[in-house]
Amino acid sequence: MPNRPSRRRRAAVASAAVGALLAVAACSGGSDTEGGGPTTPTSTRSTSTTTPSTSASGGLPDGFGPGPAGKGLQRFYNQRVEWKPCQQGECARVWVPLDYSDPNGQAITVEMARLASTGSSTIGTLFINPGGPGGSGVEFTTSNPLDYELTSHYDVVGFDPRGVGRSTPLDCLSDADLDAFVAANPSPETPAEIKEVEDGWTHYVQGCEQRSGPLLDHVSTVDVARDLDVMRALVGDDKLHYFGFSYGTYIGATYAGLFPDKVGRMVLDGAVDPEASPLKSEILQTKGFETALTAYLEDCISKGNCPLGDSVAAGKQTIDSLMSTIAASPLPTQS
């Protein structure tokens, strides 16, 4: 019997499919650009009797629910958080509004993972995000450990943005269709191959619309930044301390625009141009890859006996030949 894709894998691939939507939606946040919202935190280490579940609600996909008790946006800032042991340290699932313009409506969940400070003088919480869009901040807390100078002073919290991983996920395809989508030709060249890829993406997007309920309309970067402010308050911090990488820099910059009076220490590493179109962003990233590859080859050659060649041009030709060989005769893999 073939292996079935895990929920994590399905959510990760689904988030990749709508990554471009996040970038575009961030530019059209409407009244969200005013920021605001309650900021009075509650106790964050107490036991909750209303921990969000992921059971379906009212015919909606998993991960939707009525949210915490109370009225308006304040009910999300006042919810009590239950931290439980997990592989990443401690994990907690909290409610956020599906639609911030309707805080009394449906709610969804966001998963956080916390690594407690290793020092004796903790000065707050450091939120981290690896970018993507669609990267799991929960997994990032342990897969990319931070320097001791940070972890000895901060509790580190990674989170899965809405639509991603352990948070209320986007679901776009059946297991069989997802396998076929992942196995599609990554570099189509002929008109028939290009059409096959285009048809695959069309089927994917239609699947997202059909299977993800109303969530697809509410996965903008603005929504994620507003979720981040809820999480900031729930860990008891007056200011957000944040370390964002790649597309995570866009989340940080969006947060700063929405909540300028709530920004603490913030590092944006590998900043995304918030005004660049999706095409320009791809071109800029490709230039970055080219710069990194050139630097790697220069370093390899400088040390002597570089297996890729004795010049940068030769090294790039070796890599290009390898890619062409793999395209013609793919390497065997194991599912």
Side-chain angles (χ1 to χ4, degrees), residues 3 8-9 12-13 15-17 19-20 23 87-88 115 126 128-152 156 158 164-165 179 181-190 193-194 196-197 200-201 243-253 267-274 276-335:
N3 292 332
R8 183 182 303 173
R9 176 191 170 201
V13 178
S15 63
Q87 184 178 359
Q88 287 75 25
L115 289 175
L126 179 68
I128 59 175
N129 182 272
S136 171
V138 169
E139 294 184 2
F140 193 61
T141 56
T142 51
S143 63
N144 291 271
L146 297 174
D147 188 270
Y148 174 77
E149 290 298 321
L150 288 175
T151 59
S152 63
V156 176
V164 174
D179 283 342
F181 179 83
V182 172
N185 187 348
S187 55
E189 297 177 354
T190 68
E193 291 174 341
I194 292 173
E196 183 179 1
V197 171
W201 276 105
F243 201 155
F245 302 83
S246 188
Y247 196 87
T249 66
Y250 203 164
I251 297 173
V267 176
L268 306 180
D269 187 355
V272 171
D273 182 353
S277 66
L279 177 59
K280 184 178 179 181
S281 294
E282 292 293 333
I283 293 173
L284 291 172
Q285 186 174 52
T286 301
K287 289 181 178 179
F289 290 154
E290 183 72 13
T291 298
L293 176 60
T294 298
Y296 170 79
L297 290 171
E298 289 174 344
D299 181 69
C300 182
I301 293 166
S302 70
K303 295 177 180 177
N305 298 320
C306 180
L308 297 174
D310 56 6
S311 69
V312 170
K316 291 182 179 180
Q317 182 58 52
T318 298
I319 295 172
D320 185 63
S321 298
L322 174 63
M323 295 296 103
S324 297
T325 299
I326 293 174
S329 180
L331 298 173
T333 61
Q334 181 177 351
S335 61

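Distance check, rounded to the nearest 0.5 Å: CD1 of Ile319 to CG of Leu293 gives 4.5 Å. A distance of 6.0 Å separates CG in Leu126 from CG in Leu150, rounded to the nearest 0.5 Å. Atom OG of Ser152 sits about 11.0 Å away from atom CG of Leu146, to the nearest 0.5 Å. For the atom pair CD1 (Ile301) and OH (Tyr296), the distance works out to 10.5 Å, reported to the nearest 0.5 Å. In this structure, Thr249 OG1 and Phe243 CZ are separated by 11.5 Å, a value rounded to the nearest 0.5 Å. Thr318 OG1 to Leu308 CG: the interatomic distance, rounded to the nearest 0.5 Å, is 6.0 Å.
Across Pro130 and Ser246, no two heavy atoms sit closer than the pair O-CB, 4.0 Å. Closest heavy-atom contact between Pro307 and Cys300: CD-SG, 3.9 Å. The two residues Gly309 and Ala314 come nearest to each other via the heavy atoms CA-CB, 4.3 Å. Looking at every heavy atom in both residues, Glu139 comes nearest to Gln88 through CA-NE2, 4.4 Å. Shown here for Glu298 and Val312, the closest heavy-atom pair between the two residues is CG-CG2, 3.6 Å. The shortest heavy-atom contact between Tyr247 and Gly132 is CB-N, 3.7 Å.
Taking a 6.0 Å sphere around CD of Glu196, one finds it holds 12 or fewer heavy atoms contributed by other residues, nucleotides or ligands.
Identified under the salt bridge (charged side-chain N to carboxylate O under 4.0 Å, His left out) test for residues 299-311, with sequence neighbours left out: Asp299-Lys303. Legend: salt bridge (charged side-chain N to carboxylate O under 4.0 Å, His left out) pairs involving residues 280-294, not counting sequence neighbours, sorted by first then second residue: Glu290-Lys316.
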